[in-house]
Structure formats: C-alpha cells, structure tokens
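Here is the naming used below: chain letters follow the sequence lines, and residue numbers restart at 1 for every chain.
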Amino acid sequence: MDFEDSADRRSQVNVKEELEEDPDFVTKGKGKKRKRKVDNTDAPSSTSEAPLPKKKRKKAAEEGQENSATVKKKIKGKKEKVIKEEGGHSVSTKKKKTKEEIEAARALKVKKKEEEEKQRWRWWEEEKYEDGVKWKFLEHKGPYFPPGYQPLPDDVKFYYNGKPVKLSLPAEEVALFFAQMVDHEYTTKEVFRNNFFKDWRKEMTLEERQLIMDLNKCDFGELHAMHIKKVEARKNLSKEEKLVNKEANQKIVDEYGYCVLDHHRERIGNFKIEPPGLFRGRGDHPKQGMLKKRIQPEDVIINCSKGSRIPEPPAGHRWKEVRHDSTVTWLASWTENVQGSCKYVMLNANSKLKGEKDWEKYEVARKLKTCVDAIRAQYQEDLKSKQMGTRQRAVALYFIDKLALRAGNEKEEGETADTVGCCSLRVEHITLHDTLDGQKCVVEFDFLGKDCIRYYNKVPVTKRVFKNLKLFMENKQEGDDLFDRLNTQTLNKHLSSLMPGLTAKVFRTYNASITLQQQLKELVKENVAEKLLSYNRANRAVAILCNHQRAPPKTFEQSMANLQAKMFTCKSILCVFSVVEKKKKAVQRCEEQLLKMEVQATDREENKQIALSTSKLNYLDPRISVAWCKNMEVPLDKIYNKTLRDKFAWAIDMTEHDFVF
DNA sequence: AGCGCCACTTAGAAGGCTGCTG
DNA sequence: CAGCAGCCTTCTAAGTGGCGCT
C-alpha cells in the first residue's frame with residue numbers, strides 16, 4: 001500500500017524520537033488466568049496512569065463460478081445452447097426435445113423473470129424514513145416451531161452398564177441428541193462430554209440420576225443406529241415422496257416465511273425457532289455440549305404493528321409478550337439458555353430493511369475513502385505522542401487499517417472460547433523480529449480470531465510502529481494485554497470524531513472494497529473464462545486480507561485429479577486431431593474446453609483453503625462488481641448467483657459502468 | 001467511566017439439491 | 001440411471017457497536 005511507503009520514509013527522517021518512559025503503565029501478569037486491565041483514556045499527564053480493571057461483559061459457498069454445466073461436450077457441429085435458469089442452474093437442451101419446446105421453456109423463464117422484476121419493491125427509489133423508524137406497518141404469522149419430540153420405538157433401547165434402561169421422555173430426548181452426534185469429533189472432547197452429562201442429568205428423574213452416574217457406561221448404539229437408519233431412509237425416498245415433502249415444506253414457507261412490511265410482501269430470513277439440541281460452540285468453547293433447550297411460545301416476544309393481525313400462538317399456548325416497536329427490525333425474539341443471549345427473527349437479505357442498511361454501510365466506507373489519507377497521516381503522527389494511550393491507539397489503528405483486523409471487543413472469560421481481535425491482542429499473540437528472512441521490523445502474528453480461525457501472518461512494519469510495540473511489551477508477560485490503555489469503545493469514539501459513522505469495522509469494508517477495485521483494474525484478460533479467473537483472484541486477494549478461510553473440501557484431491565485427467569484426455573485428442581486437417585472445428589472446441597479447464601484448475605487450486613463467499617457477501621461493494629461486469633461484458637450471473645442478485649438488486653439497478661467506489 | 005443490555009452483521013459448517021458423468 | 005461432485009441454502013454461533021443508566 002502506498003501510504004506505507006510514505007510512513008516509512010517519514011520514520012527514517014525522524015529516527016530518534018523521544019520515548020516516554022512510563023513505569024506504571026504495565027500491568028504484570030496475574031497468575032495463569034489473564035486479567036483484563038487498565039483502561040484510562042489519557043489523563044492529562046500520561047506518565048503515571050494507574051491501571052484500572054477493564055470491564056467485563058456478560059454476553060452471551062458460494063464461489064461465484066460459473067456452473068460446470070456450461071462446460072460440456074459438444075455434439076456434431078451445431079453449437080449447443082445453454083440456458084441460464086432463474087435459479088442459477090443451467091439447463092442444457094436435451095437432444096430429444098424439439099425446438100419449439102426449447103423455445104417455449106425459454107420464453108417461460110424470461111416471462112417469469114420479468115414478472116419477478118415487476119414485483120420487486122424498488123425501495124431504493126423511495127424516500128427514507130426519519131431516523132430510527134424502521135417500518136410503519138408490520139404483519140406476520142409469528143415464528144414456526146419445530147415438531148415436538150417423537151418417543152423412541154420400543155425396540156430401540158438405551159443401555160447403561162450393559163442393561164437396558166427405559167428413560168423418561170425428557171431424558172430420552174436429550175440422550176438422542178448425543179446419540180445423533182456420536183460420530184462427530186465433539187463427542188470425544190472432555191469438555192463437551194462433561195457439559196452434556198451435567199445437563200442431561202438435570203433432565204433425568206431422580207431414579208435415573210441415581211442410576212446413571214458415568215457417561216462412559218452409557219451405550220447409545222441402538223439410538224445411533226436408528227438415527228443413521230432414518231437419515232438413510234430419508235435419502236432413499238422415492239421421487240414422489242420427496243416431492244410430497246418438498247410441497248409440505250413449501251407450504252410452511254408460504255405461511256410463515258413472509259411478512260407484510262409497509263405494503264410489501266417480504267421474505268423472512270429465519271422464521272423457524274431453533275430446535276433443541278446440544279450447543280456446538282466453535283473451538284475450545286467452555287460451554288460446548290450444554291443442552292440448548294426447547295423454546296416455547298411462552299419464551300417468545302412478538303413484534304408487529306398495532307393495527308396488524310397479531311400472530312396466533314400455537315394452540316394452548318400464549319406469547320411471552322406482544323410489542324409494537326417500530327424502531328427495531330425484528331419480528332420475534334427469545335432468550336437462549338446457554339449464553340443468555342437474545343435470538344431474533346429477522347428479514348431476508350433481499351429485504352428493504354437489510355438492503356438499505358447494506359447500502360448505507362458501503363456509503364460510509366466510500367466516505368472513508370475521502371478522508372483516509374488524513375486519518376492515516378494522523379495516526380502516523382500519533383505514533384509519536386507522549387500519551388501512551390494515544391500511541392497504543394495509533395498502533396492499533398495501523399493494524400486495523402493495514403491488516404484488516406477486527407476491532408476486538410472484550411469478552412467475558414470462561415463464557416466463550418479464547419479468541420481476540422486487535423484491541424484484545426495479548427503479548428503472546430505477537431513476536432517481534434528485528435530481522436526476519438531479510439526483512440526488518442517484522443511482526444509475527446499468531447492468534448485465534450472470530451470462530452477460532454487462526455490468524456498467522458508475518459508483517460514488516462515501520463520502525464516507529466515496531467519501536468512502539470517493543471515499548472508496549474516491556475515488563476509484560478503472557479496473558480497481559482498488548483494495548484492495556486485501549487479498548488474498542490475509546491477507539492471507536494476517536495474514530496467517530498474523525499468522521500461521522502466511522503468505526504473500526506468500516507476499515508475492513510473500505511479496504512476490502514478498494515482492494516477489489518484496484519485488483520480488477522490491474523487484471524485484464526481476453527476471454528470470459530480468464531476474466532472470471534481474474535475476478536476470482538481479486539476476490540481472493542480480499543479474502544486473504546480478511547483471513548476468510550475454510551477447511552479444504554473433503555473432495556478436493558479427488559476432484560482435482562479428475563479435472564487433470566480430463567485435461568489430459570483433451571490434450572491427447574488435440575495431439576491426434578491436429579494432424580487431421582478436416583477436424584478443425586473439433587480441434588477448436590477442444591482447445592476452448594482445455595483452456596477453460598486449465599483456468600478452472602488454477603482457480604480451484606488457489607482457492608483450496610480460501611472462502612470467497614464471505615467477502616462477496618459482506619465486504620465488497622456490489623456496485624464494483626456490477627460495473628466490472630458491464631465493462632468487461634461478463635454476464636452478471638457468472639459472479640452472482642440468484643441469491644446474491646436478489647440481495648444486491650439495489651446495486652444492480654442503480655449501477656452504471658462508470659461507477660467508482 | 002463503565003456496565004449491562006440490546007440489536008444487528010459477519011462467519012464457517014453442515015446439509016440439501018441438482019445436473020453431469022461413467 | 002445411479003452415484004456423486006459441486007454449488008447453493010440453511011443454520012446458528014460469534015462478532016461489532018450503540019444506548020441508557022448510574
């Protein structure tokens with residue numbers, strides 16, 4: 001990044017700056033458990049600030065590639081048609097079908113698409129509501145509750161210590177949760193097993209509790225087998241039976257999946273109440289395995305218009321509360337028992353409420369573009385501040401900006417897995433190297449971020465940043481905060497004073513989008529396949545910046561090998577055919593195919609452990625992609641599937657080819 | 001200043017669906 | 001014509017950040 005260079009130069013000019021000695025600012029590690037410390041925003045004189053306890057909080061794949069269907073065998077000399085269907089699936093014309101049928105099918109799709117377009121609420125052309133008001137009218141049917149528990153058949157038994165035990169219904173239900181998971185790694189983990197067993201025992205009758213004392217003596221074999229059989233059976237249903245199920249599901253969606261918001265029918269994102277089960281916290285979560293209880297209507301708060309038809313609670317039940325709060329976007333909420341946090345029923349991403357917010361998010365990021373130079377200059381300057389807190393803020397901001405780190409709110413210890421973001425980094429998460437691999441001032445990051453995804457990076461930084469980091473780490477030990485004078489609130493307060501609406505996370509959005517735009521500018525190619533590879537590479541650059549990882553697909557090696565094999569076949573054919581003059585057309589087609597596969601192979605290989613979807617969905621201003629498609633004459637559905645096109649309808653509609661982020 | 005709560009976005013995994021291929 | 005690869009959807013956990021209260 002260019003701002004980096006100028007920063008480096010500046011630091012060289014002014015090498016020997018005064019470093020404040022600040023004997024008090026360090027908090028020594030307090031035993032093994034880390035302790036949150038100090039947050040004093042800078043007192044007038046910084047040198048003798050005393051550490052104060054930081055507060056604790058109680059808080060509870062899409063790859064954008066074209067469908068492989070578009071790469072297909074060509075038959076005869078006639079060019080095969082590929083029709084893109086509304087759902088993003090492509091349907092190749094069957095040889096059997098007559099021309100008319102094909103034509104009719106295509107006409108139907110076009111019509112359907114037009115119909116849908118006509119139905120679309122073009123909210124982005126309407127005037128916005130006054131601040132804080134999210135809707136004027138809201139009507140819905142309430143959430144959909146999962147089916148109740150079906151007791152085990154008599155021939156499926158649970159065994160304790162080798163003897164069959166007929167469990168009470170509540171205990172049996174929870175036992176089945178565990179049985180369904182036994183081949184998952186979770187059930188081998190000590191914490192998971194202990195939490196499960198503790199919560200399971202709470203569901204048992206007194207007698208059961210007295211009998212069942214040891215999880216290792218429990219035999220869930222028959223329960224597990226039954227579950228496997230059920231899954232199998234569902235898979236083997238006949239076409240007709242599957243259709244029946246599908247229709248039944250559709251009926252539920254039709255009834256519960258939509259609401260009416262200000263005269264428009266909008267899709268709800270998650271209208272189903274989460275079914276009970278065992279809590280699956282990520283990473284080393286201290287609460288993994290705990291029982292996530294069944295939610296009753298009595299737990300659920302309904303939010304809707306006063307004048308609307310209030311949703312009926314299930315027979316024999318009542319709602320916890322019905323309220324009419326138009327300053328929030330949720331339709332229903334409940335408190336979950338494991339973390340004590342709130343869960344919400346909200347609208348789908350293609351709704352006005354979500355879309356408008358999303359649009360706004362990108363507008364704030366674009367605004368940052370206009371003042372980012374000044375902000376960077378300021379934090380470079382702040383690196384020299386006499387106030388320790390200001391320096392820490394400057395270094396943190398440098399990380400957030402340069403490395404797209406998350407803000408790093410504090411978390412309550414013991415409630416969640418030990419993960420950190422920028423402000424919550426601890427000294428053990430970075431290693432300073434005066435030189436490393438021929439580079440100077442290298443910071444080695446190694447920590448677990450959101451979802452326990454490891455962030456590992458070796459980054460050369462400016463001398464001044466490096467020197468500050470050394471200072472921050474003096475007299476500290478493992479468990480101590482790197483930025484002991486900083487937290488996200490003070491950081492964000494500072495940021496919002498620099499630009500309205502500016503917070504730490506805006507930098508991620510800004511840097512992601514600007515990176516995409518820059519990369520797309522650089523990578524220019526000839527044919528569509530190569531253009532798409534360039535797009536994916538630009539997308540990938542962003543995903544790497546944001547550390548969006550995925551587990552390599554289980555089928556990766558196999559599918560790669562398959563692709564290589566196909567390419568080999570293609571090459572062999574070319575070798576043979578190229579000497580036969582009259583096969584010109586076949587040769588040409590084969591070459592095209594080969595190129596396509598080569599591009600695909602490169603793309604797949606580079607994408608092995610990178611998740612493109614998260615950035616595409618959340619960080620990249622869709623208008624950049626829409627404009628790129630227009631300029632490059634690439635069909636939009638090559639990079640956005642139907643869901644994405646719906647979500648970004650506002651951008652697709654308003655973006656011209658000359659859009660600049 | 002700091003706490004506690006609340007609302008809303010961001011995240012990867014798992015599961016489902018579909019259309020290609022052998 | 002079934003089996004399965006790969007895309008898409010669903011699910012829900014895990015973040016961010018604002019606000020009001022003391």
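Here A:Gln339 does not reach the OP1 or OP2 of C:dA13: none of its side-chain N or O atoms lies under 4.0 Å away. Checking the phosphate oxygens (OP1, OP2) of B:dT10, no side-chain nitrogen or oxygen of A:His548 falls inside 4.0 Å. Contact check, A:His285 against C:dA14: a side-chain N or O comes under 4.0 Å of OP1 or OP2. The phosphate of C:dT9 (OP1 or OP2) has a side-chain N or O of A:Asn641 nearer than 4.0 angstrom. One finds no side-chain N or O of A:Lys450 lying less than 4.0 angstrom from the OP1 or OP2 phosphate oxygen of B:dT9. A sub-4.0 Å separation between OP1 or OP2 of C:dG15 and a side-chain N or O of A:Arg508 is absent. Between A:Lys292 and C:dA13 there is a side-chain polar atom (N or O) within less than 4.0 angstrom of OP1 or OP2.
The shortest side-chain heavy-atom distance between A:Asn409 and A:Ser424 does not fall under the 4.5 Å cut-off. Between A:His324 and A:Cys304 the shortest side-chain heavy-atom distance falls below 4.5 Å.
A donor-acceptor pair under 3.5 Å is absent between the side-chain atoms of A:Glu130 and the main chain of A:Val133, judged by distance alone. Proximity of a side-chain donor or acceptor of A:His140 to a complementary backbone N or O of A:Leu331 within less than 3.5 Å is detected. Of the possible donor and acceptor atoms, none in the side chain of A:Glu336 sits under 3.5 Å from a partner among the backbone N and O of A:Lys292.
Comparing A:Arg234 and A:Thr327 against DNA chain B, the residue whose closest nucleotide sits nearer the 5' end is A:Thr327. Mapping A:Ile273 and A:Gly501 onto DNA chain C by nearest heavy atom places A:Ile273 at the nucleotide closer to the 5' end. Of the two residues near DNA chain B, A:Lys647 and A:Trp330, the one whose nearest nucleotide lies more 5' is A:Trp330.
Among the protein residues, A:Gly421 comes within range of no part of the nucleic acid, since none of its heavy atoms lies under 4.0 Å from any strand. Heavy atoms of A:Lys242 sit nowhere under 4.0 angstrom from any nucleic acid atom. Among the heavy atoms of the strands lying under 4.0 Å from A:Ile453 are primed sugar atoms or P, OP1, OP2 only; no base atom is included. Among the heavy atoms of the strands lying under 4.0 Å from A:Thr329 are primed sugar atoms or P, OP1, OP2 only; no base atom is included. Among the atoms of the strands shown, only primed sugar atoms or phosphate atoms (P, OP1, OP2) are found under 4.0 Å from some heavy atom of A:Arg406.
For NZ of A:Lys189, the number of neighbouring non-hydrogen atoms (other residues, nucleotides, ligands) closer than 6.0 Å is greater than 12. Other residues, nucleotides and ligands contribute over 12 non-hydrogen atoms within 6.0 Å of the CG atom of A:Asp183.
Taking atom CD on A:Glu605 and atom P on C:dG6, their separation rounds to 13 Å, with Å as the unit. Taking atom CE of residue A:Met181 and atom P of nucleotide B:dA13, one finds them 15 Å apart after rounding to whole Å. In this structure, A:Asn492 places its CG atom 10 Å from C1' of C:dG18, rounding to the nearest Å. Nucleotide C:dA14 holds its P atom 12 Å from the CG atom of A:Asp284, rounded to whole Å. Remark: C1' of B:dG12 and CG of A:Leu612 are 14 Å apart, rounded to the nearest angstrom. The distance between atom NZ of A:Lys343 and atom C1' of B:dC6, rounded to the nearest whole Å, is 15 Å. In this structure, A:Met346 atom CE and C:dA13 atom P are separated by 15 Å, rounded to whole Å. As rounded to whole Å, 8 Å separates atom P of C:dT10 from atom CG of A:Asn348.
The listed nucleotides are B:dC6, B:dG16, B:dT10; the one nearest the side chain of A:Tyr619 is B:dT10. In the set C:dT16, C:dG18, C:dA13, C:dG18 carries the atom at the smallest distance from any side-chain atom of A:Thr503. When each of B:dG12, C:dG15, C:dC8 is scored by its nearest atom to the side-chain atoms of A:Thr419, the top-ranked nucleotide is C:dG15. Among B:dT9, B:dA14, C:dG15, the nucleotide with an atom closest to any side-chain atom of A:Lys354 is B:dT9. Distance from the side chain of A:Thr614 is smallest for B:dA11 among the nucleotides B:dG16, B:dA11, C:dT12. Here B:dT9 is the nucleotide among B:dT9, B:dC8, C:dG15 with the atom lying nearest to any side-chain atom of A:Lys505. With C:dG17, C:dT9, C:dC11 as the choices, the nucleotide that has an atom nearest any side-chain atom of A:Asn409 turns out to be C:dG17. If you check C:dT9, B:dC8, B:dA11 against the side chain of A:Asp451, the one that comes closest is B:dA11. Closest to the side chain of A:Thr643, from the set C:dG15, B:dA11, C:dT9, is C:dT9. When distances are taken from the side chain of A:Tyr344 to each of C:dG15, C:dT12, B:dA7, the shortest belongs to B:dA7.
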Extract from the structure each pairing of a protein N or O with an N or O of nucleotides 1-3 of chain C at less than 3.5 Å, listing the distance.
none

Practice task
Any chance you could lay out the ring pair (Phe, Tyr, Trp, His ring centres under 6.0 Å) test for A:Tyr619 and A:His548, step after step, and finish with the verdict?
Solution key: CA-CA 11 Å; A:Tyr619 288 102; A:His548 291 144; 5.5 Å; yes

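A ring-centre distance under 6.0 Å is found for A:Tyr186 and A:Phe192. Aromatic ring centroids of A:Phe279 and A:His285 lie under 6.0 Å apart.
Looking at A:Lys357, its side chain has no donor and acceptor atom pair within 3.5 Å of the base of B:dT9.
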